[in-house]
There are 2 protein chains.
Amino acid sequence: MQPFDTRTAILDVSARLYADLGYSAVSMRDVAGVVGVTSANLYHHFKGKDELIREALAHVFTQKTAPLAELLERPDVTGERLEAFVDHFVRLLVEDRVFFRLLVRELVDGDGVRLRDLVQSVLEYPFRLVVGLTDPQQPEGERVLMAVSILGIILGHVQLAVLLPYLPGGQPEHADSSVITRHVSAVLRRVLDGTAESI
Amino acid sequence: MQPFDTRTAILDVSARLYADLGYSAVSMRDVAGVVGVTSANLYHHFKGKDELIREALAHVFTQKTAPLAELLERPDVTGERLEAFVDHFVRLLVEDRVFFRLLVRELVDGDGVRLRDLVQSVLEYPFRLVVGLTDPQQPEGERVLMAVSILGIILGHVQLAVLLPYLPGGQPEHADSSVITRHVSAVLRRVLDGTAESI
DNA sequence: GTCTATATTCCGATAGAC
DNA sequence: GTCTATCGGAATATAGAC
């Protein structure tokens, strides 16, 4: 642990550039240039480009998922765990552009191994919570589908937000995390209350 | 118009490779090799890589959106226009892997100009329909947010489907278009009926 | 309209000095 | 741990013959 850890700096820069440009468009020279070292130095810290990007992904995902897990481990005393989860997840996706873009990129480009890693490091925990919010009297398959719908509506909402300036009636304010959180919470509460008292 | 139009073949191959690999990972040599011509030939039909990919996108989007527009222009006599729309849109995203991946890639990588093109060629029409399905007594902003939620839940559901094999309780059958259509239709019907009789 | 051949730049990766 | 120097190959793009 040094005051300025070169390896960590490389991981941070790699994650940001990969999130913005994608795997093939970010070169080892680019990363090195932003960090302020030579590209040869990158090969001292990492075996190659594949390993660098893979570790950068794990670096960001483990970093950003910890607070979410902490939230989910708190007991639900107010019955507003759904709102708290939506608020936190929307805020994470809207306000952390790097995290959001890494997530979407993995969903579209990830192979089987990387998708399983993504689930285990980021999505499995919130997924279990959301399944727990669905009607326990429904069969397992229905509850899984409902959980996917809930996570999907949040992801889709954030993803479509970039189109709002070009959609008829769309205002950029509709992409604010507070607006999205309020709206999605209301929709989900209506859906969940229609099936069971799940709080 | 020739029996085998080289230009059209180039556009089809470009769209497929770009959908699978992304902009930087698909080379002019790759496209030419699959089509069965030389890369120099591509520069006779298109000014460069940028123009090729841009025209390939427009080629696919205008092609695949026509049936959707046709559906939306039919009068809603049975009151099941929502179900018909969900069915068609889910089927399009699930069964046409090229279209789906192009759409997601544009959402994550597109700049202002390309996003506006995407809206005008693909999303504006279904968006107007979905706005029409929401409660007319709600203010415009609320109806827009609801429409984004409806499109978003479909997009998010299809997008998260790749994770189902790795999620607890997830079954690959949950990614079938018929299963997604039935589930999403039921959820949306519940949400929309909670606000107004919109049929 | 399609080809061969090539110019130029950039890429990932390595060797070896310090 | 960081550097200079460089290799071999692949990228976009062009010139010009057929």
Side-chain angles (χ1 to χ4, degrees), chain A residues 1-60 101-102 105-106 108-111 113-114, chain B residues 1-60 101-102 105-106 108-111 113-114:
Chain A
M1 294 292 180
Q2 312 168 8
F4 181 76
D5 187 352
T6 300
R7 184 190 157 92
T8 304
I10 293 172
L11 288 176
D12 286 332
V13 169
S14 299
R16 202 182 75 225
L17 290 182
Y18 172 61
D20 281 341
L21 305 171
Y23 185 88
S24 301
V26 51
S27 71
M28 300 297 268
R29 283 171 172 81
D30 289 340
V31 174
V34 174
V35 174
V37 295
T38 62
S39 63
N41 193 358
L42 269 54
Y43 289 90
H44 170 76
H45 292 281
F46 304 94
K47 246 176 27 188
K49 187 177 175 180
D50 262 25
E51 183 184 289
L52 171 60
I53 298 299
R54 205 157 13 88
E55 295 212 19
L57 274 167
H59 176 65
V60 170
R101 291 172 72 89
L102 289 181
R105 246 178 237 292
E106 281 303 281
V108 67
D109 285 328
D111 57 15
V113 176
R114 276 162 57 177
Chain B
M1 292 294 177
Q2 312 167 8
F4 180 77
D5 188 353
T6 300
R7 185 189 155 92
T8 304
I10 293 173
L11 288 176
D12 285 333
V13 169
S14 299
R16 202 181 78 224
L17 290 182
Y18 172 61
D20 280 342
L21 305 171
Y23 185 88
S24 302
V26 50
S27 71
M28 301 295 268
R29 282 174 171 80
D30 289 340
V31 174
V34 174
V35 174
V37 295
T38 63
S39 64
N41 194 356
L42 269 55
Y43 288 91
H44 169 76
H45 292 281
F46 305 94
K47 246 175 28 187
K49 186 175 175 179
D50 261 27
E51 183 184 290
L52 171 59
I53 298 298
R54 206 159 10 89
E55 295 211 19
L57 275 167
H59 175 66
V60 170
R101 291 172 72 90
L102 289 181
R105 250 179 232 292
E106 281 302 282
V108 66
D109 285 328
D111 56 14
V113 177
R114 276 163 56 177

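Residue numbers begin at 1 in each chain, while the letters A, B, ... track the order of the sequences. Worth saying up front: this structure is predicted, and the values here are computed from it rather than measured.
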- prompt: When we call it a touch if two heavy atoms are under 4.0 Å apart, what does Thr38(A) touch: a base, just sugar-phosphate, or nothing?
  reply: base
message: Between Arg105(B) and Ala19(B) (side chain of the first, backbone of the second, donor and acceptor by atom type, cut-off under 3.5 Å), is there such a pair?
response: yes
message: Which nucleotide wins on minimum distance to the side chain of Ala40(B), given the candidates dT14(D), dT2(C), dT2(D)?
response: dT14(D)
message: With a cut-off of less than 4.0 Å, is there a side-chain N or O of Tyr43(B) near OP1 or OP2 of dA13(D)?
response: yes
- line: Judged by nearest nucleotide, the residue sitting upstream toward the 5' end of DNA chain D, His44(A) or Arg29(A), is His44(A)
query: Do Glu106(B) and Leu102(B) have side-chain heavy atoms sitting under 4.5 Å apart?
result: no
query: Nearest to the side chain of Thr6(B) - dT2(C), dC11(C), dA13(C)?
result: dT2(C)
field: Distance, rounded to the nearest Å, where Ile53(A) contributes CD1 and dG12(C) contributes P
entry: 9 Å
d(CG, Leu52(B); C1', dA11(D)) in whole Å: 15 Å
- prompt: Rounded to whole angstroms, how far apart are CG on Leu17(A) and P on dC11(C)?
  reply: 12 Å
- request: State, with a plain yes or no, whether a side-chain heavy atom of Asp109(B) is found less than 4.5 Å away from one of Tyr23(B).
  value: no
message: For a quick check of understanding: with a heavy-atom distance under 4.0 Å over all strands, which category does Val26(B) fall into, base, sugar-phosphate or nothing?
response: sugar-phosphate
query: Between Lys49(A) (NZ) and dT14(C) (P), how many Å, whole number?
result: 15 Å
field: Spacing between Leu21(B) atom CG and dA10(D) atom C1', to the nearest angstrom
entry: 16 Å
task: Grab the CG-P distance between Leu42(B) and dC3(C) for me, whole Å please.
output: 10 Å
query: To the nearest 0.5 Å, how far apart are CG in Leu42(A) and CZ in Arg7(A)?
result: 11.0 Å
Gap between atoms NE2 and P, on His45(B) and dG1(C) respectively (whole Å): 6 Å
- request: Go through the steps for Tyr18(A) and Leu52(A) under the test side chain to side chain contact (heavy atoms under 4.5 Å, CB included), then give the verdict.
  value: CA-CA 10 Å; Tyr18(A) 172 61; Leu52(A) 171 60; over 6 Å; no
- prompt: Is any side-chain nitrogen or oxygen of Asn41(B) closer than 4.0 Å to OP1 or OP2 of dC3(C)?
  reply: yes
task: Write down the distance between CZ (Phe46(A)) and P (dG1(D)), rounded to a whole number of angstrom.
output: 12 Å
